[in-house]
Amino acid sequence: MAYWLFKSEPSVWGWDDQVAKGDAGEEWDGVRNYQARNFMRDMAVGDRGFFYHSQSEKAVVGIVEVIAEAHPDSTTDDERWECVDIKAVKALPTPVTLDQIKSCEDLADMVLVKNSRLSVQPVSDVEWQIVCEMGGL
DNA sequence: GCCAACGTTGGC
DNA sequence: GCCAACGTTGGC
């Protein structure tokens with residue numbers, strides 16, 4: 001199983017919105033970046049991901065699960081763009097902030113730190129474990 | 001609100 | 001195919 005990180009502006013689509021969708025989940029649409037799209041193509045049903053709030057909050061707030069593989073993005077007719085469906089699994093007891101991640105030596109190589117603009121990114125097994133622990137899981 | 005970093009577009 | 005111009009993102 002692979003791990004990922006999904007970034008969103010909470011004012012547009014936040015963790016609460018994701019939770020409200022329940023097990024039905026929602027497609028992660030609106031991605032218009034090739035790198036991010038390619039990562040979504042690599043995802044498999046059952047993969048887990050962090051849900052990250054950018055902008056004012058800048059913290060990992062929850063865990064999601066991929067429930068559908070990449071398919072055409074329903075928000076555009078441009079067939080270049082695809083997206084997966086994800087559902088909320090559980091909130092982190094304590095959100096893990098970007099500051100915390102940056103101040104942890106073992107997380108210095110996280111894509112979140114190195115390429116902050118990428119909205120969908122891979123997370124290594126080790127990074128996953130560390131952030132989960134920091135979040136109280 | 002500013003600005004740096006990055007990706008994309010389009011002219012040549 | 002290169003590169004300048006532009007738009008967008010996201011941290012500060």
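Chain A is the first sequence line, chain B the second, and so forth, proteins listed ahead of strands; every chain is numbered from 1.
In this structure, the NZ atom of A/K114 is 16 Å from the C1' atom of B/dC6, given to the nearest Å. The separation between A/L112 atom CG and C/dG11 atom P is 7 Å, rounded to whole Å.
Residue A/L98 is in sugar-phosphate contact alone, with no base atom involved, counting any heavy-atom pair closer than 4.0 Å across all strands shown.
Non-hydrogen atoms lying under 4.0 Å from DNA chain C are contributed by A/Q55, A/K58, all within residues 53-64 of chain A.
By the side-chain hydrogen bond (donor to acceptor under 3.5 Å, both in side chains) test, A/S124 pairs with A/E127, sequence neighbours left out. With sequence neighbours excluded, the residues satisfying ring pair (Phe, Tyr, Trp, His ring centres under 6.0 Å) with A/F51 are A/W15, A/W28, A/H53. Annotation: side chain to side chain contact (heavy atoms under 4.5 Å, CB included) contacts of A/D77 (sequence neighbours excluded): none. Residues satisfying the salt bridge (Lys or Arg N to Asp or Glu O under 4.0 Å) test with A/R48, not counting sequence neighbours, are A/E65. For A/D73, the side-chain hydrogen bond (donor to acceptor under 3.5 Å, both in side chains) test picks out A/R32, A/T75, with sequence neighbours left out. For A/K21, the salt bridge (Lys or Arg N to Asp or Glu O under 4.0 Å) partners are A/E26, not counting sequence neighbours. Taking A/F39 as the reference, nothing meets the ring pair (Phe, Tyr, Trp, His ring centres under 6.0 Å) condition, with sequence neighbours excluded.
Residues A/Q121 and A/K7 are in side-chain contact: their nearest non-hydrogen atoms beyond the backbone lie under 4.5 Å apart.
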Anything under 3.5 Å between a donor and an acceptor, one on a side chain of residues 106-116 of chain A, the other on a protein residue two or more places apart or in another chain? List them.
residue: A/D109; atom: OD1; partner: A/K114; partner atom: NZ; Å: 3.3

Extract all donor-acceptor atom pairs below 3.5 Å that involve side chains of residues 91-100 of chain A and protein atoms in other chains or at least two apart in sequence.
residue: A/T97; atom: OG1; partner: A/Q100; partner atom: N; Å: 3.2
residue: A/T97; atom: OG1; partner: A/Q100; partner atom: OE1; Å: 3.3
residue: A/Q100; atom: OE1; partner: A/T97; partner atom: N; Å: 3.0

Check the interface with nucleotides 7-9 of chain B: list each N/O to N/O pair with the protein under 3.5 Å, or write none.
residue: B/dG7; atom: OP1; partner: A/Q35; partner atom: OE1; Å: 3.2

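Rotation axes derived from the C1' atoms of the five outermost pairs at either end of the helix from B/dG1-C/dC12 to B/dC12-C/dG1 lie 10° apart, to the nearest 10°.
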